[in-house]
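Report on the structure given below.
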Amino acid sequence: MSRHSRESSLLKKALFKGKDYITTEEWSDAQIETLLAVSADLKRKFKNRVPHRYLPDQTIFLMFFDKSTRTRNSFEAGITQLGGHAHFLTADVMQVSHGESPKDTGIILSRYGHGIAIRHDLIPGEGNAYMREVARWAEVPVINMQCDVDHPCQTLADLMTMREKRGRNLRGLKVAVSWAYAPSYAKPLSVPQGLIMLLPRFGIDVTLAHPPEYFLMPETMKAARDNAQRCATKFEVVNGMDDAFRQADVVIPKSWGCLDTMGQNPRESLRIATQYKHWICDADRLQLAKPDALYMHPLPADRGNEVTDEVIDGPHSVVYDEAENRLHTCKAIMALTMAEQEIEHEEEPAAAARA
Ligand code: CP
C-alpha cells in the first residue's frame, strides 16, 4: 500500500453543520475526539502551507462584551485561512447596548452570515444565558468565545497541548488547577470550570485548589464529579496550592473572581484577594510538582502576581504552544459547525487515547 493510500485509508469524514459549541458538556467524547483530530489536521496543513479553504465566502460575526487578544485574533486569522471573513463587533457599538434582544440579534445576524461567536464572561449568570438565547433563535451555529460558565475554545486547546506534550493516552496524568493571586481584574471563572469538567473525560486526574471565597459554580463542580466517576478518573479539591502541586504532571495556576461579588462589585472581589498574595506560582512551589511538570496558563498572565517571570519564561512553561493551539482548535470548531462539506481528517486512535 502506498504512503498516500495508507494515509487516505485513515481519513474519516465528519459533519457537524449547525451544531452550537456553547459548552464541551454538550459534545460527546467522540465529538470532542473529532474536534481534536481536525485541529491536529488543520495545524499540519497550516504549518505545511496546504490550503484548507473549507469556508469560502462565509461570514462569522464575533460579538465581544469583553476584551480579548488571543480569542479575537485566532478567530479572525482562522476564518481568513478557511476562506471566509469575520466581522469584529463590540457590544457597545451594537444596538444591544440600547437593549436590543438576543432573539432579534440572533435572527438578524443569521440572515447575513453563517456563524455567530460570542464572548460574554464577566457577570455570573448572564453570559451563558445570553448566548443560549441567541442560539435558540439563530439559524446558524453559535460558538462560545468565553462565558461565565465555560471557555470551551480554551479548554480544547489545553487538552490538545497536553496530548502533544504527553501523548494521546493521558490516563493517570495529574493536573493541578489552582487559583492564583492577580490584582489586574476579577477574571471569569470559566477557565477553571471548563477544565474541571472536560479533563476528567479524557483520562486525567484533576486536583482543584482555591481560597474559600473563590469557589466555583456548583453545577460545574457536579459535572466534574459526574464526569470523573463515569470515566474512572479522580477529581479532588484541596485547600492549598502546595497540596495541589505536589507530584503534579501539569500545573495551571490562574486567578479568578469571587462568584458572590465579581458581577456587581468586582473591586470587592479584588480586595478579598489581597489576603492571598502568597498564592503565586514561583520556582520553589513548582519544585513540588514532578521534575518534568508542565506549566500552563491560558493568558493573559499577571506576571509577578500569578506567576514569576522565572517560571513563565522557564523550561517548564508551554504557554506559547498552548496559545498557538487556540488558532487550530477554533478553526476546527468553525470548520465542523459551519462547512457545507464534510471535513476530512486522520482518525484519532481514540481507543488507545482513552484506554
Ligand atoms: N485565553 C484567552 O481567552 O485570551 P484572550 O482573553 O486574550 O482572548
Side-chain angles (χ1 to χ4, degrees), residues 21-24 35 39 60-80 86-92 115-124 126-128 130-131 142-162 164 175 177-180 182-199 216 220 250-257 262 266 269 281 294-303 305-307 312 317-334:
Y21 187 66
I22 295 181
T23 70
T24 54
L35 275 174
S39 302
I60 186 163
F61 300 101
L62 309 179
M63 276 182 74
F64 282 90
F65 291 75
D66 188 15
K67 298 171 177 59
S68 168
T69 295
R70 279 142 292 272
T71 306
R72 173 185 174 178
N73 289 291
S74 59
F75 268 87
E76 288 200 17
I79 189 78
T80 302
H87 285 197
F88 172 64
L89 304 165
T90 56
D92 61 312
I116 301 170
I118 303 172
R119 167 168 286 191
H120 192 329
D121 56 352
L122 288 177
I123 304 176
E126 288 194 4
N128 190 269
Y130 180 86
M131 54 187 76
V142 172
I143 299 171
N144 177 359
M145 296 193 294
Q146 188 168 18
C147 71
D148 51 322
V149 176
D150 200 357
H151 192 353
C153 298
Q154 180 66 51
T155 58
L156 188 68
D158 291 352
L159 181 55
M160 179 180 184
T161 307
M162 287 179 207
E164 287 177 342
V175 174
V177 177
S178 176
W179 187 88
S184 59
Y185 72 108
K187 304 183 185 198
L189 284 66
S190 46
V191 168
Q193 290 179 163
L195 287 168
I196 65 168
M197 289 190 286
L198 179 65
L199 299 184
L216 301 178
T220 66
V250 180
V251 299
I252 312 179
K254 82 168 298 298
S255 192
W256 63 83
M262 68 175 285
S269 183
C281 180
L294 303 178
Y295 166 81
M296 296 178 67
H297 191 294
L299 304 180
D302 271 36
R303 285 172 175 256
N305 291 295
E306 288 178 291
V307 59
I312 196 169
S317 177
V318 295
V319 294
Y320 300 123
D321 296 335
E322 181 184 4
E324 179 195 331
N325 283 336
R326 293 294 309 276
L327 173 69
H328 311 299
T329 46
C330 84
K331 285 168 68 178
I333 296 161
M334 287 190 284

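Side chains are part of it too, since the values below use all heavy atoms of this structure and drop only hydrogens, waters and symmetry mates. Just follow the structure's listing: the first ligand is 1, and inside any ligand the first atom is 1.
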Legend entry - Arg72-ligand 1 polar pair, N/O distance under 3.5 Å: no
Legend entry - Sub-4.0 Å heavy-atom approach of Met145 to ligand 1: no
Legend entry - Protein heavy atom at shortest distance from atom 7 (O) of ligand 1: Thr69 N, 2.7 Å
Legend entry - Trace of the side-chain hydrogen bond (donor to acceptor under 3.5 Å, both in side chains) decision for Asp121 with Ser190: CA-CA 8 Å; Asp121 56 352; Ser190 46; 5.6 Å; no
Legend entry - Heavy-atom closest contact (His151 atom, Gln146 atom, distance): CD2-CD, 3.4 Å
Inset, instruction - May I ask you to check if ligand 1 and Pro300 share an N or O to N or O distance below 3.5 Å? - result: no
Legend entry - Among Thr161, Leu35, Asn325, the one residue meeting side chain to side chain contact (heavy atoms under 4.5 Å, CB included) with Leu156: Leu35
Inset, instruction - Give me the one residue out of Glu322, His328, Arg326 that meets side chain to side chain contact (heavy atoms under 4.5 Å, CB included) with Glu324. - result: His328
Legend entry - Contact atoms of ligand 1, heavy-atom distance to Arg326 under 4.0 Å: 1 (N), 2 (C), 3 (O)
Inset, instruction - For the residue pair Phe65 and His120, categorise the inter-ring angle as parallel (less than 30°), tilted (30 to 60°) or perpendicular (more than 60°). - result: parallel
Legend entry - Top protein contact for atom 6 (O) of ligand 1, by heavy-atom distance: Arg119 NH1, 2.9 Å
Inset, instruction - Could you list which atoms of ligand 1 come closer than 4.0 Å to a heavy atom of His151? - result: 2 (C), 3 (O)
Inset, instruction - Could you pull out the closest heavy-atom pair between Arg72 and Ser68, with the gap in Å? - result: N-OG, 2.9 Å
Inset, instruction - Please confirm whether Gln146 comes within less than 3.5 Å of ligand 1 when only nitrogen or oxygen atoms on both sides are compared. - result: no
Inset, instruction - Looking only at protein heavy atoms, identify the closest one to atom 4 (O) of ligand 1 and say how far it is in Å. - result: Arg70 NE, 2.8 Å
Inset, instruction - Compare every heavy atom of Val149 with every heavy atom of Asn128, then report the nearest pair and how far apart it is. - result: CB-CG2, 3.8 Å
Legend entry - Ring geometry between Phe64 and Phe88 (parallel below 30°, tilted from 30 to 60°, perpendicular above 60°): tilted
Inset, instruction - List every atom of ligand 1 that sits less than 4.0 Å from any heavy atom of Pro298, numbering the atoms from 1 in the order shown and giving each element. - result: 1 (N)
Inset, instruction - Could you see which bit of Val191 sits under 4.0 Å from ligand 1, with heavy atoms only: side chain, backbone, both or neither? - result: neither
